[in-house]
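Single-structure report; data block below.
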Amino acid sequence: MEIKVISEKCNGCKICIEKCPFGAIEMDANGKAFITERCNLCMVCVKACPVQAIEAIGERQKKTSAEGKDIWFFAETKRDKISYVSYELLNFARNISSQINQKVCAVLFSTKSKGEELSQQLISHGTDRVYLVEDETLAEFRHDIYVCLTANLILKHKPNIFLASATMLGRSFIPQVAARIKTGLTADCTDLKIDSKTKLLLQIRPTFGGNLMAMIMCENYRPQMATIRPKTIDEAPVIPGYKGEIIQESYKSFSPTCRVELIKKEKTEQTIDIQESEIIVSGGRGLGDGKNFDMLKKLADLLGGVVGASRAAVDAGWMPYPHQVGQTGKTVKPKLYIACGISGAIQHLVGMQTSDYIIAINKDSNAPIFKVANLGIVGDIFQIIPAMIKKIENNN
Amino acid sequence: MKFIVCIKQVPDTMEVKIDPKTKRIVREGIPSIINPYDTYALEEGIRLKERFQGESIAITMGPPQADASLRECIAMGIDSVILLSDRAFAGSDTLATSYTLSQAIRKISDVSLVICGREALDGSTGQVGPEIAEFLGFPIITYVKEILNIANGFVECVRLMEDHYETLKSPLPAVITVIKEINEPRLASLKGLLKSKKANIPLWTKNDLGGEDKSYGQDGSPTKVADIWAHEIKKEVKIIQHDEPEQSAEEILNQIKDWGFAIKWK
């Protein structure tokens, strides 16, 4: 297939240039669009052109229509408990299931003592079926074993959709599962929809550093796989009396082996996961120095929250990476987010804009951070934050 | 012992501006750079070669212009480079990209370690590393922050997860993806720059790679981009400027309390 511009029809409006996800269209000397070698044949320009001046020559190869049933999600656990991200996936899965009338099923790996209890928890939040694999080795994330079990379960039961969380764990092993099954995988989605006509999964994700949103489809392969960015949806609530079934799958029948040996496991210096905190006080370039984060730490402690940081602050070495909020750090959705001295580059905004309440303090009244803030204070953080700390401390 | 570094040439998304009037992305004049996360992979490839002897090789799949990024790799100190470029690769998603890269790696003998950055700046999928591992049948360690040792056919690494580190030992050959904590990438040397200018960049096309035609490019790509639009944020905002920081502090604390948070102050 090839994409071509019909010069006679092109009116030079440049809409295709703006729409092209790959920056593959340029204007020639005559003011007509032409397609460069960066073209990825995605067809976005063909649809976008208002005067039908771009055409695809030769059809995209059609595959036999793929079969699959039910919506699966990978239920992540943490220290023998169901992780909150599993309930976020369940919420997405239930939203979709209402539109295509398919069952919501969890894949759960657990130790023998906990499997039944954790399965019941998933069911009580609205899971129709749990595929449970139990073994003592599953207490820890073993990459090869997780890939083997997940891929084999998919091959055995052939789901239509498979969701996993875009945690470091999900992002590590799910791509390998997709490659083994030879199906498509969309990373880091922030929204999922069902196409009303085709019933295909529409996978929506930020791209290009968060500047653009892209909608991805996987037409001819099953399952349609996606990882979902944590903290982009609420957790599925408990549904009293919800009934589901547990399917025991034998660990041994898949004979998983692990080539990589775990020698040691140790906590990171900071044991707080900022994604799990309800209040985050974040600092950016405006802090000017690493030691000024002490002030934010003090305020965060008084408010019962934790400290976050922009990419600029992490790059400057003022805060360690696990605190980074944004496209290349963590996405957070706390109840309260206080941005101090953060200008608000798009790559930061995509990581915190869904917080319930946002307060921004910045000297520059034009800072983009004010676009997402519920309350924006134009002022000097070095005066305002100490004043807040003093007022709270006066009460204690 | 060969250390293969997979890199991607990307538009510098940090340079992207949104036109305030049209709300559309301004693409003109955005420079192409080596994906910043891949510079850590390059640095590690060079260091491993210095530490354990052998050869460092950088490969990339991309348009002919990606040649410029490979020259930068040589300038940094990478021994040799290969450009994978062919019209047949157009339309590749992460699966087809990984297949193409893995076919190239298969052609190189005596590979010990394949090193990738954690993700690319433009797509941010982080999928190519694990998918290459699958196609090659190599074990993988993701999010590596330190390589402790390579000896007796094994590599020992420390990797980062959300709230802990793991020390892992994998047989070679293996794939690793690295994070920026692993090193500080060096700048190009003058000698390297001179070498990079003169370097002959080998070009491998689909015919050189062999494998199945249907696994390349668009045919080998299960996913497709159905639509794309500029990310817009709309929100009602209250912006306030007080003369006294005391007033600002009071305003913030009042607002936090109004939102229902338990907070007391004097």
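Model, not experiment: these values are computed from the prediction. In what follows, every heavy atom counts, from backbone to side chain, and hydrogens, waters and symmetry copies are set aside. Throughout, protein chains are lettered first and strands after them, A, B, ... in sequence-line order, and every chain is numbered starting at 1.
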For each of B:Ala90, B:Pro139, B:Gly62, B:Ala66, tally heavy-atom pairs with chain A at distances under 4.5 Å, and name the one with the top tally.
B:Pro139
Which region of B:Ser92, side chain (C-beta onward) or backbone (N, CA, C, O), has a non-hydrogen atom less than 4.5 Å from a non-hydrogen atom of chain A, or is it both or neither?
backbone
At a 4.5 Å cut-off on heavy atoms, which part of A:Leu169 comes close to chain B: side chain, backbone, both, or neither?
both
Which answer fits B:Gln255, side chain, backbone, both or neither, if we ask what part of it has an atom under 4.5 Å from a heavy atom of chain A?
side chain
Give, as side chain, backbone, both or neither, the part of B:Ser102 having an atom under 4.5 angstrom from any heavy atom of chain A.
neither
Could you go through A:Met388 and B:Ile252, starting from their C-alpha distance and side-chain angles, then the distance that decides it, and tell me whether this counts as side chain to side chain contact (heavy atoms under 4.5 Å, CB included)?
CA-CA 8 Å; A:Met388 288 172 67; B:Ile252 294 169; 3.6 Å; yes
From CA spacing to verdict: side chain to side chain contact (heavy atoms under 4.5 Å, CB included), B:Leu168, A:Glu261
CA-CA 6 Å; B:Leu168 298 165; A:Glu261 182 192 348; over 6 Å; no
With salt bridge (charged side-chain N to carboxylate O under 4.0 Å, His left out) as the test, would you mind laying out the steps for B:Glu162 and A:Lys78 before giving the verdict?
CA-CA 11 Å; B:Glu162 262 99 3; A:Lys78 205 171 193 178; 5.7 Å; no
Check each atom of A:Ile279 against the heavy atoms of chain B and say whether the ones under 4.5 Å are side chain, backbone, both or neither.
side chain
Which bit of B:Ile132 is near chain A, if near means a heavy-atom gap under 4.5 Å: side chain, backbone, both or neither?
neither
Can you give me the closest heavy-atom contact between A:Gln327 and B:Glu119, atom names plus distance?
O-OE2, 4.5 Å
Under 4.5 Å from any heavy atom of chain A - which part of B:Ile179
neither
Search all heavy atoms of B:Tyr143 against all heavy atoms of A:Met168 and return the closest pair with its distance.
CE1-O, 3.5 Å
Find the one option among B:Ala226, B:Pro63, B:Ser170 whose heavy-atom pairs under 4.5 Å with chain A are most numerous.
B:Ala226
Over all heavy atoms of both residues, which pair between B:Pro130 and A:Gln176 is shortest? Give the atoms and the distance, please.
O-CG, 3.7 Å
Looking only at non-hydrogen atoms, find the nearest pair between B:Leu95 and A:Ala179 and report the distance.
CD1-CA, 3.6 Å
Chain B contact via A:Ile338 - which portion, at a heavy-atom distance below 4.5 Å:
side chain
Does a sphere of radius 6.0 Å around CD in B:Glu251 hold more than 12 heavy atoms from other residues, nucleotides or ligands, not counting ones at 6.0 Å or beyond?
yes
I need the B:Ile228 CD1 to A:Ile204 CD1 distance, nearest 0.5 Å.
12.0 Å
Taking A:Lys391 first and then B:Glu250, would you say they form a salt bridge - that is, a charged N and a carboxylate O separated by under 4.0 Å?
yes
With rounding to the nearest 0.5 Å, note down the distance linking CG in A:Asn220 to NZ in B:Lys224.
8.5 Å
Step through the shown structure and confirm whether more than 12 heavy atoms of other residues, nucleotides or ligands are within 6.0 Å of CD on B:Glu184.
no
Spatial distance of atom CZ (B:Phe154) from atom CZ (A:Arg259) [nearest 0.5 Å]:
12.0 Å
Side chain, backbone, both or neither of B:Tyr37 within contact of chain A (heavy atoms, under 4.5 Å):
side chain
If you take all heavy atoms of B:Pro222 and A:Gly184, which pair is closest and at what distance?
CB-N, 3.3 Å
Are any of the side-chain nitrogens in A:Glu2 or B:Arg87 under 4.0 Å away from the carboxylate oxygens of its partner?
no
Under a 4.5 Å heavy-atom cut-off, does chain B meet the side chain of A:Arg142, its backbone, both or neither?
side chain
Contacts with chain A made by residues 258-266 of chain B (heavy-atom distance under 4.5 Å), listed by residue number:
B:Trp259, B:Phe261, B:Ile263, B:Lys264, B:Trp265, B:Lys266
Should B:Asp227 and A:Lys47 count as an ion pair when the cut-off is N to O under 4.0 Å?
no
Side chain / backbone / both / neither for A:Ile361 at chain B, heavy atoms under 4.5 Å:
side chain
When rounded to the nearest 0.5 Å, the distance separating CD1 of B:Ile256 from OH of A:Tyr357 is 12.0 Å
Check whether any side-chain N or O of B:Gln127 sits under 3.5 Å from a backbone N or O of A:Leu185 as a donor-acceptor pair, and report yes or no.
yes
Interatomic distance, CZ@B:Arg118 vs CZ@A:Arg171, rounded to 0.5 Å, equals 6.5 Å
Can you say whether A:Asp380 sits under 4.5 Å from chain B via the side chain, the backbone, both, or neither, judging by heavy atoms?
neither
When the 4.5 angstrom heavy-atom criterion is applied to B:Leu253 and chain A, the contacting part is side chain
Quick one: of B:Leu160, B:Thr177, B:Ile141, who has the most non-hydrogen atom pairs under 4.5 Å with chain A?
B:Leu160
Criterion side chain to side chain contact (heavy atoms under 4.5 Å, CB included) on A:Asn374 and B:Lys238, from CA distance to verdict:
CA-CA 6 Å; A:Asn374 301 87; B:Lys238 183 166 116 187; over 6 Å; no
Count the heavy atoms belonging to other residues, nucleotides or ligands that lie under 6.0 Å from NZ of B:Lys180, then report whether that count exceeds 12.
yes
From A:Ile263 atom CD1 to B:Glu156 atom CD, the distance as rounded to the nearest 0.5 Å
4.0 Å
Does B:Gly123 offer a backbone N or O that forms a donor-acceptor pair with the side chain of A:Arg205 under 3.5 Å?
yes
For B:Gln65, which atoms come within 4.5 Å of any heavy atom of chain A: side chain, backbone, both, or neither?
side chain
Does B:Trp229 offer a backbone N or O that forms a donor-acceptor pair with the side chain of A:Lys19 under 3.5 Å?
no
Less than 4.0 Å between a side-chain N and a carboxylate O, is that true for B:Glu134 and A:Arg180?
yes
Taking all non-hydrogen atoms of both residues into account, name the closest pair between A:Ala387 and B:Pro245 and its distance.
CB-O, 4.4 Å
